[in-house]
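Just so it is clear, the model here is predicted, and its values are computed rather than measured.
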Amino acid sequence: MTDAAEPAASDYDHRFHAANHADVWKHTCLLALLASVRRAQVAVVDTHGGHGGYRLPAQGEWNAGLGRLLDAVPPGASTASGAVDRYLGRVRRLAPDLPRSYPGSPRLTLDALSRTSRLRVHEIEPQALSALRAALAGDGRAQVVGGDGLAALDALPTADEVVVVIDPPFVAKAEWDTVADAVVRCVRAHPHARVFLWYPVKRWSRPRALQARLSAAGVPWVALDLVVTPMEVERSSLGGSGVLLVNAPSTAVAEMTTAGAVLGPLLATHDGRWSLVTSANGGAL
């Protein structure tokens, strides 16, 4: 797809992609990171909150994502990954009517936080913002803010630990540079903040360019890319997704690595072929 054919960010609607393989990987890793941050008070800033929860159609992308995991791991069963077990446990608790609904990142985050921690979540799209406010209403730990979440990263809350979650739609090429620059500004202004960035993998050029931009700015990072459809099979589809972390505890990275080895075979779409690609700039794998 050429850049001229790319839709505007406002055309993106995550409701069509909720609980797909990328959501499974993203949320498994996010919950692993939050579980590793063991301080009395944690402040999480989510730059792209979405709707806060999603109704799943009978047939959709979730069938090849969460659906495969639900079929493979019945309630009460355990996988070889504590991170995958944690993810499934929280999803099942928050969405007891599975597979009819799915909780978004903000609800999963709040479920993982202590009573003394808090979440500030941003959303720029008006319809999603309204749904997000309704989904989080009644939880005093949550603050929902309308507007550009990336622009708000210069001023982070004060807490024992600060975690920044960046999960953009990435529908336009320019977003990759915008996101990389926002991460650089955030890390320079708040060098101890823990940054969690998700990105899609359709081909390697854009993720690698984002990583190079961070490296050139002196930002240390670790990335884990889970690819469930080989890109030579179908380059126009979402073959995988990656998470890039700044200041991530080594225990969280280790949990994510083990989770990838469990999820890869379950989510692989083509002859069981999958890969987990790890890379780093100044961070230990």
Quick check: do [X] and [Y] have side-chain heavy atoms less than 4.5 Å from each other?
{"X": "L276", "Y": "D225", "answer": "no"}
{"X": "L197", "Y": "L210", "answer": "yes"}
{"X": "T28", "Y": "L30", "answer": "no"}
{"X": "H21", "Y": "T229", "answer": "no"}
{"X": "V165", "Y": "V45", "answer": "no"}
{"X": "L244", "Y": "Q211", "answer": "yes"}

Pairs under 3.5 angstrom only: tabulate donor-acceptor contacts from the side chains of residues 131-148 to other protein residues two or more places apart or in another chain.
residue	atom	partner	partner atom	Å
D139	OD1	R141	N	3.0
D139	OD1	R141	NE	3.0
D139	OD2	R141	NH2	2.9
R141	NH1	L110	O	3.1
R141	NH1	L113	O	3.0
R141	NH1	S114	O	3.2
R141	NH2	L110	O	3.1
D148	OD1	L150	N	3.0

[X] side, atom [atom1]; [Y] side, atom [atom2] - distance, nearest 0.5 Å:
{"X": "S36", "Y": "L245", "atom1": "OG", "atom2": "CG", "answer": "9.0 Å"}
{"X": "T116", "Y": "R118", "atom1": "OG1", "atom2": "CZ", "answer": "9.5 Å"}
{"X": "I124", "Y": "H48", "atom1": "CD1", "atom2": "NE2", "answer": "7.5 Å"}
{"X": "R92", "Y": "L66", "atom1": "CZ", "atom2": "CG", "answer": "8.0 Å"}
{"X": "L224", "Y": "S241", "atom1": "CG", "atom2": "OG", "answer": "10.5 Å"}
{"X": "L129", "Y": "E123", "atom1": "CG", "atom2": "CD", "answer": "6.5 Å"}

Output, in order, the C-alpha distance, side-chain angles, deciding distance and verdict of side-chain contact (heavy atoms from CB on, under 4.5 Å) for L263 and W25. CA-CA 8 Å; L263 292 175; W25 178 234; 3.8 Å; yes

Atom CZ of residue position R93 - does it have more than 12 heavy atoms of other residues, nucleotides or ligands inside 6.0 Å?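 Yes - once you tally the heavy atoms of other residues, nucleotides and ligands closer than 6.0 Å, there are more than 12.
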
Can you confirm whether more than 12 heavy atoms, excluding those of R38, are under 6.0 Å from its CZ atom?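 Result for CZ/R38: open.
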
Assess, by modelled atom type and distance only, whether the side chains of W221 and S215 contain a donor and an acceptor separated by less than 3.5 Å.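 Yes.
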
Side-chain ([X]) to main-chain ([Y]) donor-acceptor, under 3.5 angstrom:
{"X": "Q41", "Y": "S117", "result": "no"}
{"X": "D23", "Y": "N20", "result": "no"}
{"X": "W62", "Y": "P57", "result": "yes"}

Check ion pair R68-D71 (N to O, under 4.0 angstrom):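 Salt bridge between R68 and D71, a charged N being under 4.0 Å from a carboxylate O: no.
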
Charged N to carboxylate O under 4.0 angstrom, R206 versus E175?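 Between E175 and R206 there is no salt bridge, as every charged N stays at least 4.0 Å from the carboxylate O atoms.
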
Mind checking side chain to side chain donor-acceptor pair (under 3.5 Å) for D97 and listing every partner two or more places apart, or none if nothing turns up?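 Only R55, S101 meet the side chain to side chain donor-acceptor pair (under 3.5 Å) criterion with D97.
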
Sole residue of V201, V24, L267 in side chain to side chain contact (heavy atoms under 4.5 Å, CB included) with V228: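 Only match with V228 under side chain to side chain contact (heavy atoms under 4.5 Å, CB included): L267.
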
Set of salt bridge (Lys or Arg N to Asp or Glu O under 4.0 Å) partners for R185, sequence neighbours left out: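 R185: salt bridge (Lys or Arg N to Asp or Glu O under 4.0 Å) contacts with D154.
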
Can you sort out the partners of E61 under salt bridge (Lys or Arg N to Asp or Glu O under 4.0 Å), two or more places apart, ordered by chain and number?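 Expected list: none.
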
Apply salt bridge (charged side-chain N to carboxylate O under 4.0 Å, His left out) to the pair R273 and E232, showing each step before the final yes or no. CA-CA 12 Å; R273 295 163 60 190; E232 67 270 19; 2.4 Å; yes

Under 3.5 Å, which donor-acceptor pairs do the side chains of residues 75-86 form with other protein atoms, sequence neighbours left out?
residue	atom	partner	partner atom	Å
S78	OG	D85	OD2	2.6
T79	OG1	S81	N	3.0
T79	OG1	S81	O	3.1
T79	OG1	D85	OD1	2.9
S81	OG	A83	N	3.3
S81	OG	V84	N	3.0
D85	OD1	T79	N	2.9
R86	NH1	E255	OE1	3.0
R86	NH2	E255	OE1	3.4
R86	NH2	E255	OE2	3.2

Do any pairs count as a salt bridge (charged side-chain N to carboxylate O under 4.0 Å, His left out) and have a residue in residues 41-51, sequence neighbours left out, and if so which ones?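 Pairs touching residues 41-51 that pass the test: none.
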
How about Y102 and H27: are their ring centres within less than 6.0 Å of each other?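 Centroid distance Y102-H27: below 6.0 Å, so yes.
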
